[in-house]
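Quick note: numbers below take in every heavy atom, side chains included, and nothing from hydrogens, waters or symmetry partners. In this chain, numbering begins with 1 at the start of the sequence shown. Remember, it's a predicted structure, so these values are computed and weren't measured experimentally.
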Amino acid sequence: MNWKPELDDLARREAFAREMGGVDKVKRQRDQGRLTVRERIDRLLDPKSFHEIGAISGTAEYDEQGELTNLTPANCVFGRGRIDGRTVVAVGDDFTVRGGSADASISAKPLMAEEMAHDFRLPIIRLIEGSGGGGSVKTIETKGAANLPGGIGGTRWYAYTTANMARVPVVGLGLGSVAGLGAARLAASHYSVMTKASAMFVAGPPVVKRLGQDLSKQELGGADIQTRAGGVDHAVDTEEEAFACARRFLSYLPSSVYELPPTIASDDDPERSEESLMTAVPRNRRQVYKMRPIINAVVDQGSFFEVAANFGRPVIVGLARLEGRAVLLLASDPFHYGGSWTADACQKVVRWVDFAETFHLPVVYLMDCPGFMIGLEAEKAATIRHGVRAMAGVNQTTVPWCTIIVRNSFGVAGVVHQPADRFSLRYAWPSAYWGSLPLEGGIEAAYRAEIDAADDPAAKLKEIEDRLNKLRSPFRTAEKFWVEEIIDPRKTRSLLCEFARLAEPLRTPGPATNMAIRP
């Protein structure tokens, strides 16, 4: 006698699991323009690579003879699969079963997904829709007691949710209404994406309404709110775009901190010289220019992948490649406060230099920073405190750095363009302009008596300004060896590719023990 009856029973149970919350709930999900969790996993991963774990776990119904009549699966689907041939862990909420609430989950399933990623050193992608927390209000009645957050036996999931950030790449995809612990899981990631029809919040509109704020889901936690606040890194129109973003983000990273980022073949000439760089920065220092074309001109063609574009906008951050080697790229954006570091820009720097240190990514910084943001609002935001944290974050890194001073470098924020007390490469363009503080405004204060005593104060101001500007030439600084090299902008790509080659053997796989790993 063989085991066919048992295998037939297994197949029947698996068929129930594939029905998820039932025909009506699945139809409702699709009618609202959202994929089911199983469709999401299939489209995220390489075809036919998903190996599911715990598919038939859930709530079963039996007849009087003890025969199975129905099985409602737990609303967590997880397992391992491949992205571009590399194994990853995928874990998703099934909104068709009790709206993704923990009432219909089995807590060991999402915990095991995190454990698998941690112990097998695999990237994890969380496909999040629902609360995924301690349950709904009804749980108090169904369980007969109120759940204590972090109570006995309830902390391991939370521990792994954050611990994995110091060990493996973590990607969160918000694909519907995301609340409570679901929101925390989305935020506790190295890179998060939400669809523009989705919303994320600690508590949803019905709860917030009790505070006197009557808001829709989008008004409370829509894509515009969350990407500008830094709660979520990126927003896209479709779920397919979210999956593409996740795959591309992971392509720059190792599978864990115990490996190095992959180098890929590149047919982009490392000696390529871009004539556009000769005119990229205007001679008029009051005139702004676009930094992103400069980025795209010096990295491998098509390799720049920007993250967190709506948050901390004076600083551009992204992943890129130089002759096929992955780097973290920071750049100033003079279109936002002239590139001055605001409080949120400083927070952005802290987070992403931590990230570079965690995954052994060399850092390239295209700098045009006139200093920390000034004024009343900047002081209210404690900009200097966030700025000092950014300085500490940069100084704590051990990965190689290369800085290109494109234009401005002033004040304390100007100092934070490379780690202190260790060697890094630095080049300045002829357009570079630096000092303890800008001349504009400072001359009037420093030379007030001389200007007031002149027959023509305006002419005297211009005379002093012209004299100081000649002394401020970057060549004068280079004469004193206060800056190492001033370069032809067209050589920037060649020097950056050389930096990436020099940096390659300096990176050591293993956990970043000297950094605080933060979402």
Asker: As an exercise, state the distance from CD of Glu306 to CD1 of Ile316, rounded to the nearest 0.5 Å.
Answerer: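 Rounded to the nearest 0.5 Å, the CD-CD1 separation comes to 6.0 Å.
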Asker: Between Arg272 and Glu274, does any NZ, NE, NH1 or NH2 come within less than 4.0 Å of an OD or OE carboxylate oxygen?
Answerer: yes
Asker: Strictly distance-based, threshold 3.5 Å: is any side-chain N or O of Ser198 a donor or acceptor partner for the main-chain N or O of Met194?
Answerer: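 The answer is no, because no donor-acceptor pair under 3.5 Å joins these two groups.
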Asker: With a sphere of 6.0 Å drawn around CZ of Phe304, does it hold more than 12 non-hydrogen atoms of other residues, nucleotides or ligands?
Answerer: yes
Asker: Checking side-chain polar atoms at under 3.5 Å, does Thr161 have a donor or acceptor matched by the opposite partner on Arg156?
Answerer: no
Asker: Taking Arg167 for its side chain and His118 for its backbone only, find out whether a donor-acceptor pair lies under 3.5 Å.
Answerer: yes
Asker: Does one side chain, of Glu129 or Ser177, offer a donor that lies under 3.5 Å from an acceptor on the other?
Answerer: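 Judged by distance alone, the side chains do not pair up.
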Asker: Counting only N and O atoms by type, is there a donor-acceptor contact under 3.5 Å from the side chain of His360 to the main-chain atoms of Val257?
Answerer: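 At least one qualifying donor-acceptor pair exists.
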Asker: Among side-chain atoms of Thr477 and Trp434, is any donor-acceptor pair under 3.5 angstrom?
Answerer: yes
Asker: Please walk me through it: do Tyr191 and Tyr252 pass ring pair (Phe, Tyr, Trp, His ring centres under 6.0 Å)?
Answerer: CA-CA 12 Å; Tyr191 176 61; Tyr252 295 89; over 10 Å; no
Asker: Should Arg86 and Asp84 count as an ion pair when the cut-off is N to O under 4.0 Å?
Answerer: no
Asker: Which distance, rounded to the nearest 0.5 Å, do you find between the CD1 of Ile264 and the OG of Ser251?
Answerer: 7.0 Å
Asker: Quick one: pull up CG in Asp488 and OH in Tyr427 and give me the separation to the nearest 0.5 Å.
Answerer: 13.5 Å
Asker: For Tyr258, is the OH atom crowded, meaning more than 12 foreign heavy atoms sit under 6.0 Å from it?
Answerer: yes
Asker: Would you find a donor on one side and an acceptor on the other, under 3.5 Å apart, between the side chain of Glu241 and the backbone of Asp237?
Answerer: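 Such a contact is found between Glu241 side chain and Asp237 backbone.
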Asker: Taking it one step at a time, do His190 and Phe359 satisfy ring pair (Phe, Tyr, Trp, His ring centres under 6.0 Å)?
Answerer: CA-CA 11 Å; His190 296 109; Phe359 293 109; 4.9 Å; yes
Asker: As a quick check of understanding, evaluate salt bridge (charged side-chain N to carboxylate O under 4.0 Å, His left out) for Arg493 and Glu271, giving each step before the final call.
Answerer: CA-CA 7 Å; Arg493 171 169 168 77; Glu271 302 299 321; over 6 Å; no
Asker: With rounding to the nearest 0.5 angstrom, report the CZ to CD1 distance, Phe372 to Ile384.
Answerer: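 One gets 4.5 Å once the value is rounded to the nearest 0.5 Å.
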Asker: Taking only Lys NZ, Arg NE, NH1 and NH2, and the carboxylate oxygens of Asp or Glu, determine whether Glu485 and Arg426 approach each other closer than 4.0 Å.
Answerer: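 No salt bridge links Glu485 with Arg426.
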Asker: Are more than 12 heavy atoms, taken from residues, nucleotides or ligands other than Ile374, located less than 6.0 Å from that residue's CD1 atom?
Answerer: no
Asker: Output the distance between atom CG (Leu250) and atom CD1 (Ile124), rounded to the nearest 0.5 Å.
Answerer: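 Going from CG on Leu250 over to CD1 on Ile124, the span is 11.5 Å.
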Asker: Got a donor-acceptor contact below 3.5 angstrom from the Ser332 side chain to the Asp368 backbone?
Answerer: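 Here the side-chain-to-backbone pair exists.
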Asker: Check this for me, if you would: do Asp93 and Arg185 make a salt bridge, where the nitrogen-to-carboxylate-oxygen distance has to be below 4.0 angstrom?
Answerer: yes
Asker: Leu260 versus Pro509: any side-chain heavy-atom pair under 4.5 Å?
Answerer: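 The answer is yes, as the side chains (C-beta and beyond) meet within the 4.5 Å cut-off.
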Asker: Given 3.5 Å as the limit, does a donor-acceptor pair link the side chain of Asn395 with the main chain of Pro419, or not?
Answerer: no
Asker: Is a salt bridge present between Arg385 and Glu379, judged by a nitrogen-to-oxygen distance below 4.0 Å?
Answerer: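 No, Arg385 and Glu379 are not salt-bridged.
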Asker: Taking Asn164 for the side chain and Glu114 for the main chain, is one N or O donor matched with an acceptor at less than 3.5 Å?
Answerer: yes
Asker: Using atom types as modelled and distance alone, determine if a side-chain donor or acceptor of Thr227 lies under 3.5 Å from a backbone N or O of Ala223.
Answerer: yes
Asker: Assess whether atom CE of Met112 is packed by more than 12 heavy atoms of other residues, nucleotides or ligands within 6.0 Å.
Answerer: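 No, because the 6.0 Å sphere around CE of Met112 holds 12 heavy atoms or fewer from other groups.
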Asker: Check for a donor-acceptor pair, side chain of His386 on one end and backbone N or O of Thr383 on the other, with a separation under 3.5 Å.
Answerer: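 Absent.
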Asker: Could you give the distance from CG (Leu277) to NZ (Lys491), rounded to the nearest 0.5 Å?
Answerer: 13.5 Å
Asker: Side-chain donor-acceptor pair under 3.5 Å between Asp268 and Ser266, yes or no?
Answerer: no
Asker: Output yes when Asp344 and Lys348 qualify as a salt bridge under the 4.0 Å nitrogen-oxygen rule, no when they do not.
Answerer: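 Here Asp344 does not pair with Lys348 in a salt bridge, since their nearest N and O are not under 4.0 Å apart.
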Asker: So, the side chain of Glu357 versus the backbone of Thr398: is there a donor-acceptor pair under 3.5 Å, distance only?
Answerer: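 Present.
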Asker: Charged N to carboxylate O below 4.0 Å: is that the case for Lys196 and Asp224?
Answerer: no
